[in-house]
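A short write-up of the structure that comes next.
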Amino acid sequence: MGKSDIGGHPVYRTPMKQWVLKITKYAESLLNGLEDLDWPENIKELQKNWIGKSEGVEINFSIKDSSEEPIKVYTTRSDTLFGATYMVIAPEHPLVDTIVTEKQKKAVEKYIKETQKKSDFDRTEINKDKTGIFTGSYAINPLSKEEMEIWVADYVLISYGTGAIMAVPGHDERDWEFAKKYDLPIKEVVKGGDVTKAAFIDKGDAIIVNSSHPDTLSIDGLTVEKAIKKTIQYIEKKELGTGAVNYKLRDWLFSRQRYWGEPFPIIHTDDGSETVKEEDLPVMLPEVENYKPSDDGKSPLSTIKSWVEVKDSSGNIVGLRETNTMPQWAGSCWYYLRFTDPLNRDNSWSKKKEKYWMPVDLYIGGQEHAVLHLLYSRFWHHVLHDLGLVSTKEPFKKLYNQGMILGDDGAKMSKSRGNVVNPDDIIDEYGADSMRLYEMFMGPLNKSKPWNTKGLQGCYRFVNKLWAIIVDEEGKLSSKIAEDITPDKETLHLHHTTIKKVGDDIENLHFNTAVSQLMIYCNHLQKCNKISRDLIVDLVKVSAPFMPHLSEEFWSLLGNKDSLAYENWPDYDEQLTQTDEVTVVVQVNGKLRANITLAKDSDETTAVNAALALEKVENYTSKGSIVKTIYVPNRLLNFVVK
RNA sequence: GCCGCGGUGGCGGAAUUGGUAGACGCGCUGGUCUUAGGAACCAGUAUCGUAAGGUGUGAAGGUUCGAGUCCUUUCCGCGGCACCA
């Protein structure tokens with residue numbers, strides 16, 4: 001038995017009445033909604049797997065010599081029905097009691113008791129040795145008409161499908177393992193493997209064998225896919241079962257026995273339960289000294305009599321408040337909606353504001369929320385949408401996962417490893433702008449990357465460099481900066497390229513290359529003796545997202561009263577981002593041999609002539625004859641020589 | 001086991017999407033300045049080679065005039081799921 005982390009108290013299982021949200025009703029909706037979202041593929045995949053849709057068929061297996069209702073099983077592989085040689089029902093299955101024979105009763109009861117003792121973890125441990133017990137009863141395979149032993153085993157879960165399976169040991173690894181252990185028959189019905197050695201589970205183009213019976217049907221020779229279709233058709237026609245869909249997604253346990261959490265607005269009365277009247281909402285937590293758990297495992301709220309008891313005007317107790325509280329998710333599932341209208345006292349949000357702001361254009365968050373938060377809030381939003389309370393079906397249009405900053409040893413930061421970097425210390429020493437800049441510069445936003453204080457120092461150096469360009473030693477605007485300067489061609493080119501690239505990179509969340517461009521530009525400006533004031537104005541604006549504090553400082557030094565935050569992004573001249581001379585690479589047989597500088601958009605003849613005039617190139621081309629010339633304007637010239 | 005992501009210098013990472021691999025930064029080497037240390041600045045820095053030149057994006061093949069980028073096989077690392085019938 002486990003012990004609690006704090007205090008080392010024993011942990012045990014106990015049945016409790018809880019609140020559950022029926023998220024399973026929205027499984028299909030949540031799955032379909034994923035399609036149009038601009039989310040990372042892996043997150044969509046995680047949600048898809050979490051929902052775990054599977055399509056198959058539910059089939060009734062009648063019990064031999066019994067008038068009891070048949071056992072219903074769920075399978076996705078109805079093509080292997082002829083290979084089903086035994087059945088297994090979960091220990092919790094309601095039919096266990098009625099099926100078990102007198103002779104086996106004791107053994108089965110003992111087995112069920114044992115499984116009850118196991119934790120969920122032990123029961124689902126994959127490498128666990130499978131256990132089970134024969135019930136003494138038999139079922140009839142509806143297609144092969146053969147008798148099948150019915151077993152109870154805890155490798156079948158009551159919570160999935162129908163809680164009962166047809167076992168096909170030839171083509172299912174779990175069933176194969178179980179059949180081997182208990183010496184149950186293994187039958188090959190899909191060709192391609194050796195079922196005496198292992199279950200053969202490939203589907204691909206595999207062909208069905210040993211699957212016909214004169215009184216039912218034959219699927220021999222069909223592919224798995226076709227056999228599935230044909231068997232389902234037959235099963236439905238003969239009313240042996242129906243097509244069915246299953247999801248792994250479970251209903252959502254939504255109550256906690258804690259103080260901190262929204263109370264459920266429910267009052268229990270002698271006649272049942274009712275919701276708190278709208279004018280009495282919200283139900284607030286009582287202010288108390290002690291919110292430690294109670295001794296009996298109930299919510300701490302249950303011990304606060306004055307809060308629990310709801311009285312009418314004459315002081316009679318008319319009901320008792322629900323004392324469970326909601327989990328943290330209750331807030332995180334809809335906070336973004338409240339953000340659209342945070343001061344609204346009458347409603348959670350107004351339709352107008354919701355319509356204006358929603359959906360969230362870009363949601364940046366960690367990958368750890370891939371399934372829980374991001375699935376739960378989608379669920380709430382779907383429900384709200386169905387209730388007509390929000391205007392979009394999906395809450396978050398684009399999702400982006402930022403990577404984690406690791407310790408300088410490349411491992412996740414943790415106190416026990418001693419590799420934690422405290423931002424406050426960094427900010428004290430280098431300033432918030434240097435830290436921000438470094439975090440942007442480290443690498444792609446979505447990648448995890450190790451912290452490196454040396455790298456941060458590089459950014460700190462850059463910040464100082466920029467300061468030195470703009471500010472003189474007395475803290476005034478540098479005398480290098482003047483109104484009447486005409487920038488040279490190179491400076492102008494760099495300037496416009498920088499505005500363009502930084503803007504584009506921000507748009508694409510490529511902050512690291514945006515910073516790099518700023519560095520390139522500043523390295524150049526540093527060498528200039530005179531700099532036009534106009535250029536500095538723009539530079540300060542494009543630096544602002546990366547160094548907001550310093551940029552404001554520069555902005556005010558430039559004589560502005562208002563915040564830089566109100567400025568527009570500067571324009572750039574596309575013409576000036578281009579150069580009129582380009583370097584064209586000359587290759588011979590794909591190997592780099594020389595560079596030539598040409599006027600922009602030169603034609604092929606000009607390029608070829610310029611290239612062949614070079615001795616370096618000529619040396620190679622003269623070794624044979626030029627059979628082909630590839631020219632990519634402004635880029636490359638390649639001679640194919642044979 | 002299944003699904004997803006990723007392997008580029010000593011390190012973090014660039015590469016206009018098939019067209020000069022290594023931008024920018026760190027580190028390192030040499031230099032200027034300095035009594036010295038630090039800072040700052042200048043030059044160099046994938047690798048083998050004195051050079052000419054050769055080789056290089058985890059590995060092996062393939063497509064192409066040309067591959068970090070596309071295709072096939074394979075190895076390694078990270079994340080998620082895991083008896084879901």
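Proteins come first, then strands; the chains are lettered A, B, ... in the order of their sequence lines, and each starts at number 1. When reading the values below, keep in mind they use all heavy atoms of this one structure, side chains included, and skip hydrogens, waters and symmetry mates.
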Between rG77(B) and rA59(B), how far apart are the two C1' atoms, rounded to whole Å? 15 Å
Does Q367(A) put a side-chain nitrogen or oxygen below 4.0 Å from OP1 or OP2 of rG80(B)? no
Side chain of K187(A), backbone of V168(A): donor and acceptor closer than 3.5 Å? no
Atom C1', compared across rA14(B) and rA52(B): separation rounded to whole Å: 31 Å
Indicate, with a heavy-atom threshold strictly under 4.0 Å, whether R593(A) touches base, sugar-phosphate, or nothing. sugar-phosphate
Is there a side-chain polar atom (N or O) of S448(A) under 4.0 Å from OP1 or OP2 of rC78(B)? no
Indicate whether OP1 or OP2 belonging to rU55(B) is found under 4.0 Å from a side-chain N or O atom of K591(A). yes
Quick one: sort the W151(A) and F134(A) rings into parallel, tilted or perpendicular, breaks at 30° and 60°. tilted
Atom pair distance, as rounded to whole Å: CD1 in I51(A) and C1' in rG4(B): 16 Å
Can you measure L456(A) atom CG to rG25(B) atom P for me and round it to whole angstrom units? 15 Å
For rC2(B), what is the paired nucleotide under Watson-Crick or G-U wobble rules, both distances under 3.5 Å? rG80(B)
How does each nucleotide of nucleotides 17-24 of chain B score, in 5' to 3' order, for protein heavy atoms under 4.0 Å: base (B), sugar-phosphate only (S), or none (-)? --BB--BB
Would you indicate what S159(A) reaches in the nucleic acid, counting non-hydrogen atoms under 4.0 angstrom: base, sugar-phosphate, or nothing? nothing
Separation of rC3(B) atom P from L46(A) atom CG, nearest Å, is 14 Å
Identify whether any heavy atom of P444(A) sits under 4.0 Å from a base atom; if not, whether one sits that close to sugar-phosphate; answer base, sugar-phosphate or nothing. sugar-phosphate
Compare side-chain N and O positions of R461(A) against OP1 and OP2 of rG27(B) and report whether any pair is under 4.0 Å apart. yes
Hey, is the side chain of K48(A) pairing donor to acceptor with the base of rC3(B) inside 3.5 Å? no
